[in-house]
2 protein chains.
Amino acid sequence: MARQPITPTDSELQILSILWDLDPAPGSSHGSSHGLPTGTVRQVHAEITKHRPVGYTTVLKLLQIMLDKGLVLRDESERSHVYRPAVPRAKTQRRLTRDFIDTAFSGSAKSLVIEALGARRPSAEELADIRRLLDEMEGSK
Amino acid sequence: MARQPITPTDSELQILSILWDLDPAPGSSHGSSHGLPTGTVRQVHAEITKHRPVGYTTVLKLLQIMLDKGLVLRDESERSHVYRPAVPRAKTQRRLTRDFIDTAFSGSAKSLVIEALGARRPSAEELADIRRLLDEMEGSK
DNA sequence: TATTGTCAACGAAATGTTTCGTAGTTTGAT
DNA sequence: ATCAAACTACGAAACATTTCGTTGACAATA
């Protein structure tokens, strides 16, 4: 089984984010998530227009293209088709982060971490979480 | 003075990385760096073709476009023009990281840090560096 | 049943990015 | 002085992305 190396564009990523947020099974400890249903074009359009003005058919077209690319799946059993992400958020974030580290930081994760801490200051609790993760990583070497 | 919010494309970023590496003054503690000279089209082309095949004039054109966009500056006093980054690496990385956090991680720096640590495992020394930075950040709250 | 609203499909324009061929200039050897 | 090599500039093709108008199907309602 081959992995699809298709990277979403920024617009596509925005839509994926909305779909991931709509996903009814965000919890549960196993990786895949997915409570199946998820969003219609109208729902996605409603969310997206909170941030920037864009036509309904633009969003529709985007989702159709994303279906072609294999970024989303859809259920056509109802008149209003229901779209859902083809890949879980975590997996996509991992791929994007890997690419980003390579293109913007010459492969140095450390540099990115430092930049991230400086760019959008995490709260004290978040810092504590990060520290905890570091402990784990050093512990289980 | 207004800041130019021009974001380099991936190809442009690749070229910028090469120019930053060529910059003769990477050290010194003040932010701006820049020992002025830096690279010719031929140098950039030579570097870039180590990674992927691309024509000389393609690189030339890219650099001309980047000049238009204000991403690079050039010295035309010699026949072979010499290009150098208009913005220091650190500043660009900060901007890109900010954007990336917002588009891929809904604004959560913490999430990105965690992802980065998982995506490209830093070495033990690097982890120590990160831990040191965390100490500083929590110390000077 | 006629009208109005909601939807998917499609085509195509507008825009942005990447690529390279060609032309013309300058430099350095024969 | 001729020729070849090394450059820049420019135009335009090839792609990819984003945007939306129009069409036709279907559904709800008057």
Side-chain angles (χ1 to χ4, degrees), chain A residues 4-19 22 37-84 92 96 99 103-104, chain B residues 4-19 22 37-84 92 96 99 103-104:
Chain A
Q4 41 158 4
I6 289 179
T7 304
T9 66
D10 278 0
S11 293
E12 289 168 348
L13 186 56
Q14 188 183 14
I15 288 178
L16 282 176
S17 293
I18 292 169
L19 291 179
L22 289 175
T38 317
T40 63
V41 177
R42 186 146 303 280
Q43 282 176 291
V44 172
H45 179 249
E47 275 304 314
I48 230 174
T49 48
K50 286 180 185 171
H51 302 295
R52 69 189 169 101
V54 67
Y56 174 88
T57 57
T58 302
V59 176
L60 169 62
K61 182 66 162 186
L62 249 311
L63 279 165
Q64 286 169 345
I65 290 172
M66 291 169 76
L67 180 66
D68 267 13
K69 292 188 181 176
L71 290 172
V72 296
L73 305 174
R74 79 175 169 193
D75 174 356
E76 309 179 4
S77 66
E78 299 295 321
R79 181 152 111 88
S80 299
H81 297 173
V82 176
Y83 292 83
R84 61 198 163 86
T92 302
L96 291 176
D99 290 350
T103 67
Chain B
Q4 41 157 4
I6 289 179
T7 304
T9 66
D10 278 359
S11 293
E12 289 168 347
L13 186 56
Q14 187 183 15
I15 288 179
L16 282 177
S17 294
I18 291 170
L19 291 179
L22 288 175
T38 316
T40 62
V41 177
R42 186 144 303 280
Q43 283 176 290
V44 173
H45 179 250
E47 274 306 312
I48 234 175
T49 48
K50 286 180 184 170
H51 302 294
R52 68 191 169 99
V54 66
Y56 175 88
T57 57
T58 301
V59 176
L60 169 62
K61 181 67 161 186
L62 248 311
L63 279 165
Q64 288 169 344
I65 290 172
M66 291 169 75
L67 181 65
D68 268 13
K69 291 188 182 176
L71 290 171
V72 295
L73 306 173
R74 79 174 170 192
D75 174 356
E76 308 180 3
S77 66
E78 299 293 321
R79 181 150 111 87
S80 297
H81 299 173
V82 176
Y83 292 84
R84 62 200 163 86
T92 302
L96 291 175
D99 291 350
T103 67

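Below, chains carry the letters A, B, ... as their sequence lines are ordered, and counting in each starts from 1.
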Touch check for [X], heavy atoms < 4.0 angstrom, all strands: base, sugar-phosphate only, or nothing?
X: A:S80; value: sugar-phosphate
X: B:Q64; value: base
X: A:E76; value: nothing
X: B:Y56; value: base

Name the closest nucleotide to the [X] side chain, picking from [options].
X: A:R79; options: D:dA27, C:dG21, C:dT18; result: D:dA27
X: B:K61; options: D:dA25, D:dC7, D:dC10; result: D:dC10
X: A:I65; options: D:dT18, D:dT19, D:dG21; result: D:dT18
X: B:S11; options: C:dT19, D:dC7, D:dT17; result: C:dT19
X: A:K69; options: D:dT17, D:dT19, D:dT8; result: D:dT17
X: B:H81; options: D:dT19, D:dA9, C:dT18; result: D:dA9
X: B:V41; options: D:dC7, D:dT8, C:dT6; result: D:dT8
X: A:T58; options: C:dC20, D:dT19, C:dT27; result: D:dT19
X: A:R42; options: D:dT19, C:dT17, C:dT6; result: C:dT6

**Message:** Counting only side-chain nitrogens and oxygens, does B:T9 get under 4.0 Å of the OP1 or OP2 atom of C:dT18?
**Reply:**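 Checking B:T9 against C:dT18: at least one side-chain N or O falls below 4.0 Å of OP1 or OP2.
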**Asked** C:dA9 phosphate, OP1 or OP2: any side-chain N/O from A:R74 under 4.0 angstrom?
**Response**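 Yes, within the criterion.
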Expressed in angstrom and rounded to an integer, what is the separation of [X] atom [atom1] from [N] atom [atom2]?
X: A:I6; N: D:dA16; atom1: CD1; atom2: C1'; answer: 13 Å
X: A:E78; N: C:dT6; atom1: CD; atom2: P; answer: 18 Å
X: B:L60; N: D:dT8; atom1: CG; atom2: P; answer: 6 Å
X: B:L13; N: C:dT18; atom1: CG; atom2: C1'; answer: 16 Å
X: A:H45; N: C:dA8; atom1: NE2; atom2: C1'; answer: 15 Å
X: A:L63; N: C:dC10; atom1: CG; atom2: P; answer: 15 Å
X: A:L62; N: C:dC10; atom1: CG; atom2: P; answer: 16 Å
X: B:E12; N: C:dT19; atom1: CD; atom2: P; answer: 11 Å

**Asked** If you measure from CG on B:L71 to CG on B:L62, what distance do you get to the nearest 0.5 Å?
**Response**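 Here the interatomic distance stands at 10.5 Å.
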**Message:** Quick one: does any side-chain atom of A:T40 pair with a main-chain N or O of A:Q43 as donor and acceptor, under 3.5 Å?
**Reply:**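 Yes, because the side chain of A:T40 sits within donor-acceptor range (under 3.5 Å) of the backbone of A:Q43.
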**Item:** Donor-acceptor under 3.5 Å (A:H45 side chain, A:T57 main chain)
**Value:**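 Checked: no pair found.
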**Message:** A:L16 vs A:M66, test: side chain to side chain contact (heavy atoms under 4.5 Å, CB included). Steps then yes/no.
**Reply:** CA-CA 10 Å; A:L16 282 176; A:M66 291 169 76; 3.6 Å; yes
**Message:** Under the side chain to side chain donor-acceptor pair (under 3.5 Å) test against B:Q14, which residue among B:H51, B:R52, B:E47 passes?
**Reply:**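 Option passing the side chain to side chain donor-acceptor pair (under 3.5 Å) with B:Q14: B:R52.
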**Request:** Any chance you could lay out the side chain to side chain contact (heavy atoms under 4.5 Å, CB included) test for A:L96 and A:L13, step after step, and finish with the verdict?
**Result:** CA-CA 10 Å; A:L96 291 176; A:L13 186 56; 3.9 Å; yes
